[in-house]
Q: 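Let me begin by handing over the structure; questions about it come next.
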Amino acid sequence: MPQFAIIIYADGHEGTQEELAEHDKHAEDLIREGALTGAYALAANEAAKAVREDGVTDGPYIETKELIAGIGIVEADDLDAALAIARRNPATWQGAGVEVREVIGSYIRP
């Protein structure tokens with residue numbers, strides 16, 4: 001079955017306990033449905049380091065008001081099914097959003 005990356009964007013503010021609880025419930029629902037195969041919440045943007053040819057700098061890699069907050073991998077029959085899953089992500093009603101991309105290659109350490 002095809003896999004899709006659900007890239008979760010945040011608007012820069014730390015989520016409230018209620019907002020984070022909505023994300024936890026959403027993940028639990030996807031696990032129960034058998035759609036979620038992996039998920040990763042990322043540390044605060046201030047902890048990011050950008051690596052380029054001329055060295056390492058503090059902060060996220062680009063200037064933007066929306067920053068990547070987490071990544072989930074879901075299995076879905078096709079892009080339309082993956083988009084239906086993405087529309088259920090709490091980020092879509094909490095002022096941010098998600099991006100969907102098909103996973104076309106992967107490596108998982110044995």
Side-chain angles (χ1 to χ4, degrees):
M1 180 173 296
Q3 291 187 320
F4 296 85
I6 307 293
I7 303 164
I8 303 161
Y9 289 91
D11 61 5
H13 84 281
E14 293 293 321
T16 66
Q17 290 299 323
E18 293 80 16
E19 289 171 333
L20 296 174
E22 286 184 284
H23 284 276
D24 289 344
K25 181 176 181 330
H26 176 63
E28 291 167 6
D29 290 346
L30 293 179
I31 291 167
R32 189 178 57 255
E33 294 167 13
L36 187 65
T37 64
Y40 305 89
L42 302 178
N45 298 315
E46 296 78 27
K49 302 288 183 192
V51 179
R52 292 197 167 63
E53 181 179 8
D54 59 350
V56 178
T57 59
D58 291 336
Y61 64 97
I62 58 172
E63 291 296 323
T64 181
K65 68 180 213 176
E66 289 186 325
L67 302 162
I68 298 172
I71 301 165
I73 304 296
V74 299
E75 289 184 338
D77 290 333
D78 54 27
L79 178 59
D80 288 337
L83 290 170
I85 292 169
R87 282 186 197 98
R88 294 169 38 200
N89 191 288
T92 62
W93 64 79
Q94 291 176 351
V98 300
E99 180 178 325
V100 178
R101 292 192 197 179
E102 186 171 4
V103 175
I104 58 172
S106 64
Y107 168 79
I108 298 174
R109 183 179 61 197

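In what follows, every heavy atom counts, from backbone to side chain, and hydrogens, waters and symmetry copies are set aside.
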Q: Taking only residues two or more places apart in sequence or in another chain, which ones pass salt bridge (Lys or Arg N to Asp or Glu O under 4.0 Å) with Arg101?
A: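 Residues passing salt bridge (Lys or Arg N to Asp or Glu O under 4.0 Å) with Arg101: Glu99.
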Q: Look up atom CZ in Arg87 and atom OG1 in Thr92, then write down how far apart they are to the nearest 0.5 Å.
A: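 OG1 of Thr92 is found 9.5 Å from CZ of Arg87.
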Q: Hydrophobic cluster mates of Tyr40, side-chain heavy atoms under 4.5 angstrom, ILVMFWY only, any path?
A: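 Once heavy-atom contacts under 4.5 Å are chained together, Tyr40 still belongs with nothing else.
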Q: Could you list the residues that satisfy salt bridge (Lys or Arg N to Asp or Glu O under 4.0 Å) with Glu33, not counting sequence neighbours?
A: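 If we apply the salt bridge (Lys or Arg N to Asp or Glu O under 4.0 Å) test to Glu33, skipping adjacent residues, the hits are Arg88.
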Q: By the rule that ILVMFWY residues connect when side-chain heavy atoms come within less than 4.5 angstrom, directly or transitively, which residues belong alongside Trp93?
A: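 Once heavy-atom contacts under 4.5 Å are chained together, Trp93 still belongs with nothing else.
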Q: Which pair of heavy atoms, one from Val103 and one from Ala5, lies closest together, and at what distance?
A: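 That would be CG2-N, 3.7 Å.
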Q: Mind checking who shares a hydrophobic cluster with Ile104, ILVMFWY linked at side-chain heavy-atom distances under 4.5 Å?
A: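 For Ile104, no cluster forms, as it stays isolated from other hydrophobic side chains.
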Q: Please determine which of Leu36, Leu83, Val98, Leu30 meets the side chain to side chain contact (heavy atoms under 4.5 Å, CB included) test together with Ile6.
A: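 That would be Val98; it is the only one of Leu36, Leu83, Val98, Leu30 passing the side chain to side chain contact (heavy atoms under 4.5 Å, CB included) with Ile6.
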Q: Going by salt bridge (Lys or Arg N to Asp or Glu O under 4.0 Å), name the residues that satisfy it together with Asp29, two or more places apart in sequence or in a different chain.
A: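 Counting only residues at least two positions away or on another chain, Asp29 forms a salt bridge (Lys or Arg N to Asp or Glu O under 4.0 Å) with Lys25, Arg32.
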Q: The criterion is side-chain hydrogen bond (donor to acceptor under 3.5 Å, both in side chains); which residues satisfy it with His23, sequence neighbours excluded?
A: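 Per chain and number, His23 pairs via side-chain hydrogen bond (donor to acceptor under 3.5 Å, both in side chains) with Gln94.
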Q: Under 3.5 Å, sequence neighbours excluded: what are the donor-acceptor pairs made by side chains of residues 68-81?
A:
{"from": "Asp78", "atom 1": "OD1", "to": "Asp80", "atom 2": "N", "distance (Å)": "3.2"}
{"from": "Asp78", "atom 1": "OD1", "to": "Ala81", "atom 2": "N", "distance (Å)": "2.9"}

